[in-house]
Amino acid sequence: MLCCVFIQAQKKHYFLIDSETKVRKKVKDSLSATKFLDSLAQSNYFFTELKDVKIKGDSTEIIYDKGKNFNETFVTLSDSIVKRHKIERDFFTKNLDSTKKVINKKYIDEGFAFSRIKSKYKGQKNGFPIVELDINKNDKRTIDGFIVKGYSRVPKRFMKNLEKEFKGKTYDDKNLISINKNFQSHAFVSLERPPQTLFTKDSTQVYLFLEKKKTNSFDGVIGFGNDKTEKFTLNGTLNVNFRNMFNGFETVNLYWQRNPDKGQNFDLQADIPYLFKSNVGLNMKVNIFRQDSTFANVKALPALYYHMNSRNKIGLRGTFENSTIIDSLYVQGKDYNKRGIGIWFEMVEPTDIDLFLYKTKITAGYDYLTTVYTKENIKAPQNQFYFFGEHNYNINGNHFLNIKAEGAMMDSKIDFSANELYRFGGWNSLRGFNESSLAADFYYYGGLEYRYLIGNQAFFDVFGQYGQLNNKSLNVKPKLYSVGLGFNFFIPIGLMSFQLSNGNEFGNPFKFNDIKIHWGILSRF
């Protein structure tokens, strides 16, 4: 018969007791007790004293007195700290903890994520301790790569661009904040939680917990106003975006607009941002504009562009445009076709406010075109310029100022026909006028809009705009203004907008029946 005997050693217990506060702290062993007492010196208790050790059976009680916490001290810095940061070696501080944090932060900002300040008691001076501070830097850390969790089907080029921007950079708060900002109000993805980091002996990997945004949108606007005959009419705009359906950050846009003067505008646009997994994008746009039974314009704008970085694009585009006069009595217009090439630039800075589309947007372009008036067999070169800029400036707290400006010009040695002029005015441009009711070969307008945010769910706005257009064919250069107010707020189906506006030419009397009413809804799905 086999007998097994188990003998268990009696387990010892160690307790640390503060003689002043009587706080009792249990530790694992005598080594842990020694480390705790040593750590008090690093916390400015330089005169910690061991008072007594009592052994009671399997328990050991270690009684200590911390003494005074000397946060006001004379400081002397080690050679390594002085040489690296070129700061004064000896000084007096009223807050040693703060001083240590400031010095340690300098090393952390240089990539020494695990640096630690060491304190050493060097004596006394005028009743205050003299403390020497030294640094244990450990190894410098740089960002070695990203690991995507959650929604991982983002374009490979997007991640390569992110790595190109940050890989090899110092691992510090500044770069972590920059990484976070790259995803703030990104059109297609967001961070489910802040970036986290995996440190190993040889690498530093940043984990990105991504989630796919609901980016498809429906934007509908209904407008009420008077046409040229002062007859009350109903008009509207529909704008549908299908985005990131195939996880390539692609966009397909359908846009339709009807203005009170029986004009209709239709846009079809497709955008592929990372063509063949490169930084080159493709944009294709087709526009059809028909003015009742008078004329119709068809325009195609194919473009290739390059991602300079996550916010800036520069591109080349072609223009292919044809216009046909439908009504033979419309003598102001001409049949024509245009061919040309242009360059454009776009910068978009995202916003962390859901009520705004972006913080800043700038678009500028130039096109060189050749116009052929088919019936007259006249050929003429033409230059076109365009600029748009918008910025949301935070005045203070919930008070914002929206600043917007737009302008365009076409230049040619011969007179323009009425059907090739720029058309603007309405909800998204010079408000207070009917949609696309203003025609010009040159125009500009600018506006200021005060916005008061109510939490993150709504805002009131009051705006004023000033502009001018030039129409050589009619020999007019009116100066225009627009004023109004609005209210925007979130409801379960999306962002609802309501706006009252009135626009007119300077010198004309204000007419109450010229007030335009717009109601719209922006819904994401």
Side-chain angles (χ1 to χ4, degrees), residues 221 223 225 237 257 259 265 311-312 342 344-351 353 355-367 383-396 399-411 421-453 459-472 474 476-488 497-508 510-511 514-518 520:
V221 177
T237 298
Q257 179 192 81
N259 63 48
N265 198 6
R311 299 181 181 181
N312 300 324
W344 57 275
F345 168 80
E346 180 182 275
M347 185 276 283
V348 178
E349 183 179 358
T351 175
I353 299 173
L355 289 162
F356 301 161
L357 295 177
Y358 35 73
K359 181 179 181 180
T360 305
K361 182 176 182 180
I362 296 175
T363 305
Y366 164 75
D367 296 278
N383 298 289
Q384 292 189 0
F385 304 87
Y386 174 77
F387 172 82
F388 171 86
E390 183 176 0
H391 177 69
N392 288 296
Y393 174 72
N394 184 208
I395 302 171
N396 184 26
H399 304 274
F400 285 80
L401 188 65
N402 175 267
I403 306 167
K404 182 187 292 186
E406 182 178 348
M409 181 181 74
M410 56 176 65
D411 176 64
L421 298 176
Y422 297 118
R423 286 170 179 80
F424 67 105
W427 171 269
N428 285 318
S429 62
L430 195 58
R431 291 177 273 186
F433 295 87
N434 286 332
E435 301 291 335
S436 304
S437 63
L438 302 172
D441 52 78
F442 166 71
Y443 75 89
Y444 71 87
Y445 70 86
L448 297 175
E449 178 179 319
Y450 166 74
R451 295 175 173 178
Y452 178 75
L453 270 63
F459 72 87
F460 290 99
D461 64 271
V462 179
F463 70 86
Q465 294 176 297
Y466 170 83
Q468 187 173 359
L469 67 82
N470 182 45
N471 190 322
K472 290 181 181 178
L474 298 178
V476 294
K477 296 181 179 180
K479 296 179 179 179
L480 310 169
Y481 74 89
S482 173
V483 294
L485 53 88
F487 183 49
N488 301 262
S497 301
F498 179 78
Q499 188 181 95
L500 296 174
S501 59
N502 191 299
N504 212 329
E505 181 181 351
F506 278 96
N508 289 344
F510 180 88
K511 294 182 180 180
D514 279 344
I515 289 179
K516 305 296 185 291
I517 303 172
H518 287 95

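Fair warning: this is a prediction, and the values are worked out from it, not measured in the lab. Sequential numbering from 1 along the given sequence is applied to the chain's residues.
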Open item on the list: Give me the atom names and distance for the closest heavy-atom approach of A439 to L421.
Closed with: CB-CD1, 4.1 Å
Open item on the list: If I compare all heavy atoms of F433 with all of G503, which pair ends up nearest, and what's the gap?
Closed with: CZ-C, 3.6 Å
Task: ring pair (Phe, Tyr, Trp, His ring centres under 6.0 Å) involving Y358 - partner list, sequence neighbours excluded - done: none
Open item on the list: Testing the 3.5 Å rule here: is there a donor-acceptor pair between the side chains of S436 and Q257?
Closed with: yes
TODO: Could you list the residues that satisfy side chain to side chain contact (heavy atoms under 4.5 Å, CB included) with E349, not counting sequence neighbours?
DONE: R311, M347, K359, T360
Task: Partner set under side chain to side chain contact (heavy atoms under 4.5 Å, CB included) for N502, not counting sequence neighbours - done: F510, D514, I515
Task: For D461, all residues meeting salt bridge (charged side-chain N to carboxylate O under 4.0 Å, His left out), sequence neighbours excluded - done: none
Task: Inter-residue atom distance L430.CG - L469.CG, 0.5 Å rounding - done: 9.0 Å
Open item on the list: Using only atom types and a distance under 3.5 Å, with no angle test, would you say the side chain of N434 pairs donor to acceptor with the backbone of S437?
Closed with: no
Open item on the list: With rounding to the nearest 0.5 angstrom, report the CG to CD distance, D441 to Q384.
Closed with: 10.5 Å
- [ ] Only counting residues at least two apart or in another chain, list the ones meeting ring pair (Phe, Tyr, Trp, His ring centres under 6.0 Å) with F400.
- [x] F356
Task: Qualifying residues under side chain to side chain contact (heavy atoms under 4.5 Å, CB included), relative to N383, sequence neighbours excluded - done: Y366, Y368, F385, D411
Task: For T237, side chain to side chain donor-acceptor pair (under 3.5 Å) partners two or more places apart - done: none
Open item on the list: Suppose we screen for side chain to side chain donor-acceptor pair (under 3.5 Å). Which residues come up paired with Y450, at least two apart in sequence or across chains?
Closed with: H399
- [ ] Apply ring pair (Phe, Tyr, Trp, His ring centres under 6.0 Å) to F387 and list each qualifying residue two or more places apart in sequence or on a separate chain.
- [x] none
Open item on the list: Closer than 3.5 angstrom, by distance alone: can the side chain of E435 be matched with the main-chain N or O of W427 as a donor-acceptor pair?
Closed with: yes
TODO: Starting at OH of Y422, measure out to CG of N471 and round the result to the nearest 0.5 Å.
DONE: 13.0 Å
Task: Among K404, E406, Q465, the one residue meeting side chain to side chain donor-acceptor pair (under 3.5 Å) with Y445 - done: E406
TODO: State the CZ-CG distance between F463 and L448, to the nearest 0.5 angstrom.
DONE: 12.0 Å
Open item on the list: Measuring from atom CD of Q468 to atom CG of L480, what distance do you get when rounded to the nearest 0.5 angstrom?
Closed with: 8.0 Å
Open item on the list: Tell me every residue that passes ring pair (Phe, Tyr, Trp, His ring centres under 6.0 Å) with F487, counting only those two or more places apart in sequence or in another chain.
Closed with: F460, F489
Open item on the list: For K479 and Y466: C-alpha separation, side-chain torsions, deciding distance, then whether side-chain contact (heavy atoms from CB on, under 4.5 Å) applies.
Closed with: CA-CA 8 Å; K479 296 179 179 179; Y466 170 83; 3.4 Å; yes
Task: E449: partners by salt bridge (charged side-chain N to carboxylate O under 4.0 Å, His left out), with sequence neighbours left out - done: R431, R451
Task: Residues which pass side chain to side chain contact (heavy atoms under 4.5 Å, CB included) with N428, listed by chain and number, not counting sequence neighbours - done: none
Task: Side-chain (N488) to main-chain (L355) donor-acceptor, under 3.5 angstrom - done: no
Task: Distance in Å, W344 CH2 paired with Y386 OH, rounded so as to fall on 0.5 Å steps - done: 12.5 Å
- [ ] Write down the atom of G432, the atom of S482, and the distance for their closest heavy-atom approach.
- [x] N-OG, 3.7 Å
